[in-house]
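All values below were derived from every heavy atom in this structure, side-chain atoms included, with hydrogens, water molecules and symmetry-related copies excluded. Here the structure is a predicted model, which is why all the values come from computation and not from measurement. First the proteins, then the strands, lettered A, B, ... as listed; each starts at 1.
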Protein chains: 2
Amino acid sequence: MALTLVNTAEDIGRSRYAVLAQALRQRILAGEWVPGVALPAEQALALENQVALGTMRRALQVLVDEGLIERIHGRGTFVRAGLSGASMLRFFRFGSEDRSVPRSAIVSAKAAVPPADVLRRLGRPPGQEVLQLLRVRSLDDAPCLLESIWLPLPEFTALQSGDSADWGDLLYPLYAQRCGVHVHRAVDSIGFGRLAAAQARRLGLPAGHPCAVVERSAFDIAGSCVEVRVTRGDANAFHYSVTLS
Amino acid sequence: MALTLVNTAEDIGRSRYAVLAQALRQRILAGEWVPGVALPAEQALALENQVALGTMRRALQVLVDEGLIERIHGRGTFVRAGLSGASMLRFFRFGSEDRSVPRSAIVSAKAAVPPADVLRRLGRPPGQEVLQLLRVRSLDDAPCLLESIWLPLPEFTALQSGDSADWGDLLYPLYAQRCGVHVHRAVDSIGFGRLAAAQARRLGLPAGHPCAVVERSAFDIAGSCVEVRVTRGDANAFHYSVTLS
DNA sequence: AAGTGGTCTAGACCACTCT
DNA sequence: GAGTGGTCTAGACCACTTG
């Protein structure tokens, strides 16, 4: 299928490569190309759209900068696979020096109606049930992070019935394999709080202990929110670095 | 002065525009061009270096991406001015809705020998004196942030004698005007702690109250550390957002 | 009107990957 | 060797800013 050669109202005044980038973006979001399979060569795309090579290259560069595609010299242009891991560990410095992946234990997995703000973030109507996971992550058998995770249904029904013992330590690859959901972008919102008694017990800390709270909204390539997650860990272990320029 | 046309050992295997970018970068760091005055036109630079216009444009784009220069359509290419404000307020949500600049009060300003790690970050030998500022920032007359600031000497001698009453609420413009120091990049390292009694008193909070601690190292365009700052504020007001993609 | 950066073209040639 | 993206050229024309 070739790009339709229309000049929509939004196109006027915009540069050629910006219009091309937008057209390509829409084809990617529509699923015309999937991760792992190469897009047509830049030559072919340029011909198809009757622009010079350099113009098409520039349009593709826009999508590279957006993180939508990646280009590999000699191999081709690919839609970027989802995030494999966006470890919460980057926010904490626990004793162990190695940056190993912490062990994961699913405490519970059941359908439930979450708080209203979680449903809003998931873009679901009030009162709807979603899949709720409770997870404890441990380093050297010491629990360090507590996670509440909400996943929309029916997208994640595949996780509802199965045995969580063989899920492994990383959820995002699991989402991709079992549910075909690829996390492409995530927003982490950091705050401060205190552990409720039940939470403290699981982490081996006293009730009311200060904790860092990371609220994550994860999105797929089309921009739909596919996961809401709240992670809590000892405030004393929290550490994060930002650069301004 | 024209660029010297030498092929250093580091240049082999590197693209033409990368070599050009490096050469321009060095001339900028050496102070050949300063903020506010335009660089030569891309045409002139291309001629001077005997490359095509597109190649020079690409080299300049590298420096734009690095945040070293900015290009303004119809006006020219400029070395970027320093950060005007890198407000600590972006880490906190205090009551007042408007994102106004908090009032600033200098509590003390004196030469002193700082902790060893501060001297190390400033790249100064152990035992050397630097200028130490203690500052309280307030919103609606309520103190909200406490700052310890260390500035290397003799670069900041101009601030040692003067009256701090007329310094205003933003320090970085002051550094630029009075000391000729332009902050170009800053690294903020975030953690949680508790307020010592003296600190708590200044913020109107109980001793031992949880606080967020932001440790900043600020650098000039050449990469020298020109300020170390430790900011403390109520942990309950801390809030920050990061996006992964 | 003159000077600046921004867009676009139509090529050539190079470097990398896969078969 | 064939196919991919990466670099580089030498132009033309456009859009924006300033005098």
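- A donor and an acceptor atom, one from each side chain of Ser217(B) and Arg121(B), are located under 3.5 Å apart.
- Between the CD1 atom of Ile69(A) and the C1' atom of dG5(D) there is a distance of 12 Å, rounded to whole Å.
- When rounded to the nearest whole Å, the span between CD of Glu42(B) and C1' of dG11(D) equals 14 Å.
- In terms of phosphate contacts, Arg58(A) brings no side-chain nitrogen or oxygen within less than 4.0 Å of OP1 or OP2 of dC8(C).
- The closest side-chain donor-acceptor pair between Tyr17(A) and Gln61(A), if any, does not fall under 3.5 angstrom.
- A side-chain donor from one of Thr77(A) and Arg71(A) sits under 3.5 Å from a side-chain acceptor of the other.
- Across the protein-nucleic acid pair, Leu39(A) atom CG and dG3(D) atom P stand 18 Å apart, rounded to whole Å.
- dT4(C) atom C1' lies 15 Å from atom CD of Glu70(B), rounded to whole Å.
- For CD of Glu66(A), the number of neighbouring non-hydrogen atoms (other residues, nucleotides, ligands) closer than 6.0 Å is greater than 12.
- The aromatic ring of His73(A) is not stacked on the base of dG6(D), since the criterion of ring centres less than 5.5 Å apart with planes inclined by under 30° is not met.
- Phosphate contact (OP1/OP2 of dC16(D), side-chain N/O of Arg75(B), threshold under 4.0 Å): absent.
- Look at Arg71(B) and you won't find any side-chain N or O under 4.0 angstrom from OP1 or OP2 of dT4(C).
- dT9(D) atom P lies 12 Å from atom CG of Leu47(B), rounded to whole Å.
- Nearest-nucleotide positions on DNA chain C for Ile72(A) and Ala52(A) put Ala52(A) closer to the 5' end.
- Under 4.0 angstrom from either OP1 or OP2 of dT4(C) there lies no side-chain N or O belonging to Thr77(B).
- Between Arg16(A) atom CZ and dA15(D) atom P the separation is 14 Å, expressed in whole Å.
- A straight line from CD of Gln43(B) to C1' of dT9(D) spans 13 Å, rounded to a whole angstrom.
- Side-chain atoms of Ser104(B) and Arg135(B) form a donor-acceptor pair, as typed in the model, at a separation below 3.5 Å.
- Taking only side-chain nitrogens and oxygens, Thr55(B) comes nearer than 4.0 Å to OP1 or OP2 of dT9(D).
- Close to dC8(C), at under 4.0 Å from its OP1 or OP2, lies no side-chain N or O of Tyr17(A).
- Atoms CG (Leu53(A)) and P (dT7(D)) sit 13 Å apart, rounded to a whole Å.
- Of the listed nucleotides (dC8(D), dT7(C), dC16(C)), dC8(D) has the atom at the smallest distance from the side chain of Ser15(B).
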